[in-house]
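Written out below as structure tokens is the structure these notes cover.
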Amino acid sequence: MDNIAGKKSGLTWAVNISVIVMVLLWLIPTVGLLVSSFRDRDQISASGWWQAPFSVELTYATRASDPVVTDEGAYIIEGNIFATDEVAASFAAGESTISAFGDTGRNPAEFPAGGQADLGDGEILTVQPNGDYRYVLPEEPRRPPRIYFEAETPPEFTLDNYRTVLTADNMDRAFINTMTVTIPATIIPILIAAFAAYALAWMDFPGRGLLIAAVVGLLVVPLQLALVPLLKLHQAIGIGQSFLGIWLAHTGFGLPLAVYLLRNYMVGLPRDIIESAKVDGATDFQLFVRIVLPLSFPALAAFAIFQFLWTWNDLLVAKVFLPSADEAKVMTVKIADDLLGSRGGDWGILATAAFVSIAVPLVVFFAMQKYLVRGLLAGSVK
Amino acid sequence: QNLEFEPGSGEFNWDSFDQFAGQYDLSGQSIEITGPWTGLDSDLFTSVTAYFEEATGATVNYSGSDSFEQDIVISTEADSAPNIAVFPQPGLASDLASRGELTPLGEETADWIRENYAAGDSWVDLATFAGPDGEEQLYVFPYKIDVKSIVWYVPEAFEEMGYEIPETMEELKDLTQQIVDDGGTPWCIGLGSGAATGWPATDWVEDMMLRTQPPEVYDQWVTNEIPFDDPAVVNAIEEYGWFSRNDDFVSGGAEAVASTDFRDAPSGLFQFPPECYMHKQATFIPTFFPEGTEVGLDVDFFYFPAYEEQDLGRPVLGAGTMFAITNDSEAAQAFVEFLKTPIAHEIWMAQSGFLTPYADANPAVFPSDVQRNLNQILTEATTFRFDASDLMPGEIGAGAFWTGMVDYQTGAGAEDVTGQIQDRWEQIQ
Amino acid sequence: MAELTLTDVKKAYGNVTVLSDINLHIDKGELVVFVGPSGCGKSTLLRMIAGLEKISGGELKIDGVVVNNMPPAQRGIAMVFQSYALYPHMTVRDNMAFALKIAKKSKEEIDAAIANAARILQLEPYLDRLPKALSGGQRQRVAIGRSIVRDPKVYLFDEPLSNLDAALRVATRIEIAQLKEAMPESTMIYVTHDQVEAMTLASRIVVLAGGGISQVGTPLELYEKPQNEFVAQFIGSPAMNLLPGEIVETGERTVVKLKGGGTAVSHYPSQQSDMGAKVNVGVRPEDLIETPGPEYLYRNTVDITEALGEVTILYFHQEGDSGHQVIAKLPGIHKELRGRDVMLNADPSKVHVFLDGKSLLYR
Amino acid sequence: MAELTLTDVKKAYGNVTVLSDINLHIDKGELVVFVGPSGCGKSTLLRMIAGLEKISGGELKIDGVVVNNMPPAQRGIAMVFQSYALYPHMTVRDNMAFALKIAKKSKEEIDAAIANAARILQLEPYLDRLPKALSGGQRQRVAIGRSIVRDPKVYLFDEPLSNLDAALRVATRIEIAQLKEAMPESTMIYVTHDQVEAMTLASRIVVLAGGGISQVGTPLELYEKPQNEFVAQFIGSPAMNLLPGEIVETGERTVVKLKGGGTAVSHYPSQQSDMGAKVNVGVRPEDLIETPGPEYLYRNTVDITEALGEVTILYFHQEGDSGHQVIAKLPGIHKELRGRDVMLNADPSKVHVFLDGKSLLYR
Amino acid sequence: MNPIFQGVLTIVIGVGGCIAYFYLSNFILDRFIFPAKGKDPGKNINRANQVRPWLFMFPAVFALGLYLAYPVVGSFWRSLYNRSGDEFIGFGNYANLFASDEFQTAFFNNILWILFVPAASTFLGLLAAQLTDKLRWGNIAKSLIFMPMAISFVGASLIWKFVYAVDEDIGLINAVRDSFGMEPLDVLQIPFWNNFFLMVILIWIQTGFAMVILSAALRGIPEETIEAAIIDGANPFQLFFKIMVPQIMGTIVVVWTTITVLVLKVFDIVYTMTGGNFGTDILPSYMMSFMFRDDGRATAVAFVIMIVVLPVMIWNIRQARKELR
Ligand SMILES: Nc1ncnc2c1ncn2[C@@H]1O[C@H](COP(=O)(O)OP(=O)(O)OP(=O)(O)O)[C@@H](O)[C@H]1O
Ligand SMILES: Nc1ncnc2c1ncn2[C@@H]1O[C@H](COP(=O)(O)OP(=O)(O)OP(=O)(O)O)[C@@H](O)[C@H]1O
Ligand SMILES: [Mg+2]
Ligand SMILES: [Mg+2]
């Protein structure tokens with residue numbers, strides 16, 4: 001297609017630009033999340049994530065907490081603002097410059113840095129751009145007096161959020177639980193669906209058409225509908241809330257799509273190959289395992305990705321079918337109910353949690369992407 | 001298990017601990033507890049259970065969940081309920097009790113509460129529900145109380161502007177106007193809370209109810225003896241609206257109130273210049289203050305005052321968590337007994353965020369005056385009422401009331417909103 | 001190494017009868033080719049023999065045993081498909097070994113069988129490649145190899161060469177002929193619609209048409225003595241010309257006065273009673289020769305000539321819509337004939353006469 | 001209705017040069033056929049003319065205008081693809097109307113053009129069907145119809161018949177020939193690898209090989225006077241036999257002593273200096289005739305015979321691996337020759353001599 | 001027990017059990033029930049082959065029946081009962097629902113979602129597929145656009161809070177407005193349009209899905225038809241809309257259907273973004289407010305959802321049957 005003579009290069013440009021715009025639109029929210037996951041809560045609410053890589057002017061409050069010295073009836077506090085208790089942590093990363101200061105919260109940048117400010121009542125405050133200050137008071141302060149200042153804040157990123165999320169109590173356990181739920185809940189429905197799809201595609205038996213129609217019909221059953229009755233059922237047969245229960249649940253919910261996709265794919269396999277294997281003496285089971293299954297790999301992979309993403313990100317099913325005890329929590333539940341509950345306002349933690357939970361699916365997706373496309377091609381284009 | 005406070009140290013009531021330890025030996029047994037506490041609260045609670053473990057030799061497994069209400073319903077349905085569930089709302093516990101999922105705690109516990117808790121009768125009333133057979137019994141044990149009638153402020157900001165702590169509602173309203181006149185914004189209010197968006201407004205309305213109506217009306221409101229759209233309720237909502245629906249009074253304007261997350265809302269107090277001067281919220285909120293904020297120094301609170309002219313005393317709105325046995329066992333019973341010991345209260349008191357009406361718990365163990373003052377608000381209350389929305393049926397208190405308040409906040413009329421809530425209530429009766 | 005007998009075999013899909021009254025005996029060591037127009041049921045018949053289609057009626061015996069209900073694998077047949085049907089995920093070696101592994105043969109047996117087949121088919125260098133890394137001809141050889149290793153009683157081929165290009169087709173055809181020669185005992189059934197394949201490979205050809213067998217015979221029998229107009233036209237390319245006429249002389253030889261004005265003399269015998277019967281005279285294009293006259297069989301203006309170098313094909317002007325176009329194939333190059341009026345004649349031994357579609361020879 | 005000129009046209013994909021030094025002039029009204037082995041660049045050249053591939057070098061002129069950078073639609077060409085490339089979602093009528101609609105022709109014009117094309121191609125009954133409801137031959141006719149309605153300057157065909165079965169292929173080939181006849185002004189370029197198509201349709205054939213043009217000429221020129229061994233072997237089926245030998249007599253006619261012992265006499269002239277040169281003698285299988293001896297050109301044992309009815313093909317025993325197999329095609333039926341020792345000779349006018357791969361005729 | 005070990009063990013048991021079922025059931029069938037031995041092995045094999053499809057189908061049929069078909073029937077029954085499930089009230093729940101304003105809002109919004117989300121996702125997906133297919137870096141672009149698929153709905157909602165937040169230091173939209181000196185705006189509170197801002201999130205997620213499938217379909221279009229159209233003089237737009245799109249109509253419909261079905265199941269976005277407030281409720285999230293409280297009504301809502309999808313379902317079944325014929 002690139003080879004067509006006389007193609008206008010303007011068009012190519014237009015295409016490139018529109019794709020770039022689209023990709024950016026798609027990417028921006030995620031980038032925002034990623035950047036925010038490296039910032040702490042106060043930074044996030046102080047400046048937009050898009051400003052994170054730049055220095056910003058921010059206002060701080062601290063207390064002149066250095067020792068008070070008496071000199072000729074005046075009380076003098078001297079020290080460096082950046083070293084005071086309240087803000088020391090914010091400037092641990094590096095040097096900064098103060099541009100203005102003040103002594104009231106209402107007007108925190110009243111005086112330019114480097115000058116002397118007469119605060120009335122005999123109080124005099126001098127703050128140098130490098131942070132050195134001198135506070136002269138006529139009386140002994142009851143508590144260290146407030147200094148407000150505005151300073152250039154260098155960009156700062158922290159891994160604290162990741163540390164918090166990853167080392168949260170039982171997070172490792174939650175990760176393992178998620179795996180324990182996800183892997184069988186991906187493989188079992190694929191296996192079951194593959195057998196069924198094979199039967200529906202290549203075996204002749206009465207009622208086949210009806211079954212196919214039923215599978216398609218069940219595609220649209222709302223999941224929520226099934227939760228309560230099934231939980232009761234599990235209860236009645238003694239499975240209760242357990243891994244077995246959640247595998248079965250995910251299997252049931254994932255099956256219609258799996259059977260549908262896989263059957264579509266398998267029907268498209270060359271009839272000759274199947275027959276050839278029959279002539280070669282393969283039983284249906286051998287035929288399925290040794291010929292059909294390997295040949296359906298792209299479709300299997302495509303569905304596996306969907307099912308994996310679905311079970312990995314699932315919150316509702318996990319909450320219903322797994323016990324609420326800590327040792328049975330999966331990551332989504334852990335994050336939603338445990339981490340976010342106590343830190344709901346902490347955007348940084350939220351962002352990190354979201355990122356941690358998409359990391360594995362992303363890896364899976366990028367690893368299997370090739371098959372996804374191929375599998376879908378054969379499965380849906382008919 | 002490492003114990004937070006060395007037995008024998010401090011002003012704790014160690015006798016009660018020793019005595020309890022002497023009574024029980026539950027080695028090898030374990031109890032499962034689920035509750036709404038996560039994060040820091042969950043750590044604090046486990047610091048309490050550590051003493052139970054120490055005393056009895058049993059193991060306590062606590063797991064907290066933000067969606068505890070859903071989880072407990074599911075797990076009782078699935079018959080995999082924990083031994084003990086900690087209910088943040090009596091409503092849900094009453095539901096479960098009527099379905100027979102809870103074990104009654106017995107008359108003797110009821111008597112104990114009546115005797116030992118300040119305003120004991122009201123606590124027993126709160127904790128008594130109809131069982132599956134319709135018989136009224138005590139099913140839950142209140143432990144850990146939150147006071148909601150509290151306004152947070154930054155003392156230095158007040159000092160700078162020369163504002164005084166208002167003693168009456170009239171003064172509070174004047175101060176609000178004053179701040180606006182001075183070019184500031186008085187309030188930070190945030191109703192956002194995901195699926196539960198709207199609940200902070202219900203606290204306002206309840207506080208206003210207690211400040212405009214006698215407690216009996218409040219009780220009638222809770223049980224729908226007066227309709228939800230009664231003029232008393234409409235009036236209370238409009239009282240709230242006086243504060244929240246005035247663009248000048250609230251940070252970000254009236255519209256922002258509905259969508260600001262309640263956890264983000266207090267941050268306005270700590271900006272320079274301040275984005276607002278006051279924030280009404282329950283005692284748990286300091287968790288969401290910026291890191292390093294010291295309560296008492298950087299931030300403080302005052303009692304959300306009552307109208308001088310109404311002469312309704314000092315009503316206090318509160319909430320609390322209720323322990324219920326969802327899966328009976330010896331250890332579970334023992335744990336309820338443990339909650340009756342002063343030490344079970346003091347351990348948490350001595351750390352943070354814990355208030356109790358238990359008279360025998362020694363206030364001296366509070367780590368700060370702030371805590372003591374808070375507890376004092378609780379104990380000095382002339383009227384104490386439990387959060388109404390927690391007492392109403394779930395569809396109302398944790399549904400229609402919330403969304404109704406959001407609608408009101410975003411412009412709907414108070415009559416319309418209350419009318420709809422009342423309709424909804426009638427439907428479920 | 002087996003003989004096959006089909007007795008009254010029938011195939012119907014629902015109400016549609018595709019094949020019926022198929023009676024055929026195939027001897028050990030024969031290579032029988034099924035030909036026929038597209039859709040006549042060649043593949044269906046082959047697949048019934050393979051067991052891939054149920055037999056709706058009649059009886060199929062292999063080596064005297066009725067196998068109507070036996071699954072394919074038990075019939076001792078091997079089949080080569082038009083599309084090769086190689087297992088794409090297995091190497092050539094595994095493709096060939098598959099049936100043997102299924103049959104639980106020992107490793108040594110399998111290796112020996114593969115080595116032998118690979119040698120015969122010159123596949124040794126490719127044993128470890130995947131099918132997609134092979135050319136069409138090589139793939140077809142692998143498919144054949146897969147049959148050979150199983151040492152089946154009957155080989156079935158369904159248009160095995162039709163996916164190959166012309167040159168490869170010729171080469172592979174010759175390979176199959178040699179293979180057959182190397183295994184004189186093995187019975188083979190071969191479906192094609194390529195005449196050259198049919199003619200060159202078959203020991204006998206079965207012409208299928210209209211749901212039944214039209215004629216069975218050796219290639220030359222079919223070419224020289226077609227039983228009916230259908231076979232006459234089907235075998236040979238371009239097809240035999242059919243010219244309508246009326247018998248004017250009967251006996252040892254038959255003389256037909258043709259509609260177009262010519263006279264055809266045939267060595268076909270005819271009976272007195274045939275006198276005046278309306279018949280079709282069949283002459284193959286290649287049997288027509290130019291004649292100066294005055295005796296001629298066909299005379300007309302040449303419409304188009306196609307010079308193929310070796311031969312020239314003449315297409316004659318068609319009168320009205322009636323009848324097929326008449327074609328003649330003259331050896332050598334005859335550019336000049338276009339547009340000219342030409343007279344043609346044919347050797348009586350190559351003139352066929354059909355009464356009601358049936359050859360006079362076979363009654 | 002247009003003439004085409006290709007000057008030094010070149011095509012490269014990255015570093016790989018597929019075609020180079022293509023110089024060709026095609027006159028108005030010609031039907032030029034490109035042939036060549038698979039992968040030699042036939043389709044590529046056609047697609048460059050169509051504008052579907054960029055031209056890497058040289059110049060392509062249509063009616064004297066350089067069109068190297070003109071988009072396909074402006075070149076006034078129409079193309080018929082091997083796979084028909086019908087728009088599957090449009091009816092036959094819409095398929096044909098598409099280009100005209102795009103060109104914003106009036107409804108009447110479109111209807112008239114379609115009616116005309118449908119009449120020529122006998123597509124009237126199918127105008128409202130979708131392509132999938134048509135047979136292969138009908139589809140191809142629609143594809144051609146789609147070209148006709150546009151009344152292009154140049155028609156391009158890329159193996160238009162190769163997806164059809166044998167019988168349809170012959171029929172459609174004749175239709176194309178008639179179509180060409182009906183539009184004598186139109187210029188057509190036709191790619192095929194079917195010899196018969198090439199020979200019968202072409203006014204001139206272009207043989208492509210090895211990235212360039214091997215020979216251009218009328219079909220019979222190529223058949224009778226191939227310029228080189230490649231063309232000699234490529235045109236004609238089975239391919240021309242090449243027998244190595246040594247020139248022993250030069251002059252008007254050339255005599256070559258062959259390695260196999262025979263003697264070939266050719267009417268090709270040779271020069272004194274050629275004496276003793278190692279050459280290849282080319283004889284087409286169909287030009288070999290049986291001879292009683294003692295003079296013979298080739299003598300060997302017959303390995304396999306293939307009786308096609310009309311002719312019999314003899315495959316001779318191959319000595320060692322050297323050289324190609326020798327094939328002879330004798331008219332008539334010769335069952336008895338198999339395994340016998342046969343002597344063959346050929347008419348000197350049909351014996352070709354190649355020195356270093358080039359014909360002695362063209363130097 | 002070491003949790004990792006325990007995890008691996010459960011995985012092995014779960015997957016292994018499944019494999020064992022298929023293997024053993026077939027083994028038993030072939031070896032013991034209908035062994036290919038005796039005097040007429042063919043008959044036995046044929047009989048075994050009649051049973052086998054059901055062996056293959058059994059787990060799927062069982063699971064489908066139990067996990068989907070049974071709840072549908074059971075729920076329908078439940079929806080005819082009152083709140084506590086002890087009194088049969090016929091269609092009372094449905095009547096109540098349709099009388100309620102909130103339900104009507106949710107229903108109306110849901111129709112908006114069904115119309116808009118699949119249409120927009122499919123269209124954007126198609127566009128992305130077509131545009132990226134032509135680019136050298138197309139695959140990278142595709143991966144980036146597909147990425148949201150890997151994000152949970154809750155995570156996605158969070159991401160979009162960084163766009164929609166009112167605070168101009170957090171929300172991108174308001175930051176942009178702020179830089180133009182405009183007042184901050186809570187887009188989630190703009191009546192009616194806020195629905196679309198929520199839909200954008202799902203569209204953002206689903207476009208990648210549509211793109212991947214449609215791009216596969218686009219590649220399946222025979223190149224020749226495109227070239228033929230180019231020669232016929234079609235410009236890129238005509239080429240796309242008149243030649244390419246009609247040829248992949250089947251796939252477009254499949255994508256459309258799949259997304260429609262998904263729309264009806266997704267409650268998370270509304271639930272976490274607005275909690276259904278500001279007139280943004282949709283049926284699945286509306287249903288959540290009854291779940292575990294009033295099962296009669298919850299199931300009735302679920303049934304309304306099913307009825308909304310009914311046309312899609314019937315259409316799909318028809319399609320499947322047609323294909324079978
Ligand atoms: N499953 C089926 N249902 C109904 N009719 C069928 C079925 N399979 C084949 N047929 C019909 O049976 C007839 C024979 O088909 P078959 O494939 O055997 O023909 P063929 O001679 O092999 O043709 P070709 O040369 O095209 O391969 C055809 O008319 C076909 O339509
Ligand atoms: N996009 C491409 N990149 C690199 N090489 C190519 C490309 N397209 C074609 N070729 C090469 O160009 C050569 C000519 O291809 P072309 O399709 O023109 O051959 P052809 O003569 O038409 O063959 P056939 O008879 O098989 O159709 C081939 O060797 C092919 O490998
Ligand atoms: Mg066939
Ligand atoms: Mg080509």
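These values consider heavy atoms only, across backbone and side chains, with no hydrogens, waters or symmetry-generated copies. Chain letters run A, B, ... following the sequence lines, proteins first, then strands; residues in each count from 1.
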[X] portion near chain E, given a 4.5 angstrom heavy-atom threshold:
| X | result |
| --- | --- |
| A:Y198 | side chain |
| A:H234 | side chain |
| A:F288 | side chain |
| A:A249 | both |
| A:I192 | both |
| A:L218 | both |

Closest approach of [X] to [Y] (non-hydrogen atoms, all atoms of both residues):
| X | Y | result |
| --- | --- | --- |
| A:W26 | E:L124 | CH2-CD1, 3.8 Å |
| E:L64 | A:G252 | CD2-O, 4.3 Å |
| A:A196 | E:A60 | CB-CB, 3.5 Å |
| A:N313 | E:I151 | ND2-C, 3.6 Å |

Considering only heavy atoms and a distance below 4.5 Å, find which of E:R78, E:R52, E:R136 pairs most often with chain A.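 Among the listed options, the one with the most contacts to chain A is E:R52.
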
Given the options E:I13, E:L144, E:L172, E:V72, which has more heavy-atom pairs under 4.5 Å with chain A than any of the others?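 Going by pairs under 4.5 Å, I would pick E:L172.
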
Interatomic distance, E:M57 atom CE to A:R208 atom CZ [nearest 0.5 angstrom]: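 So the gap between those two atoms works out to 10.5 Å.
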
Is the distance between the ring centroids of A:F205 and E:W54 under 6.0 Å?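 Between A:F205 and E:W54, the centre distance is under 6.0 Å.
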
Taking the six-membered ring for Trp, is the centroid-to-centroid distance between A:F285 and E:F22 below 6.0 Å? no

Residue of the set A:L33, A:V35, A:I28 for which side chain to side chain contact (heavy atoms under 4.5 Å, CB included) holds with E:F162: A:L33

Below 4.5 Å, heavy atoms only, C-beta onward: do E:W137 and A:I20 meet side chain to side chain? yes

Quick check for you: among A:L257, A:L248, A:L309, which has the greatest number of heavy-atom pairs under 4.5 Å with chain E? A:L248

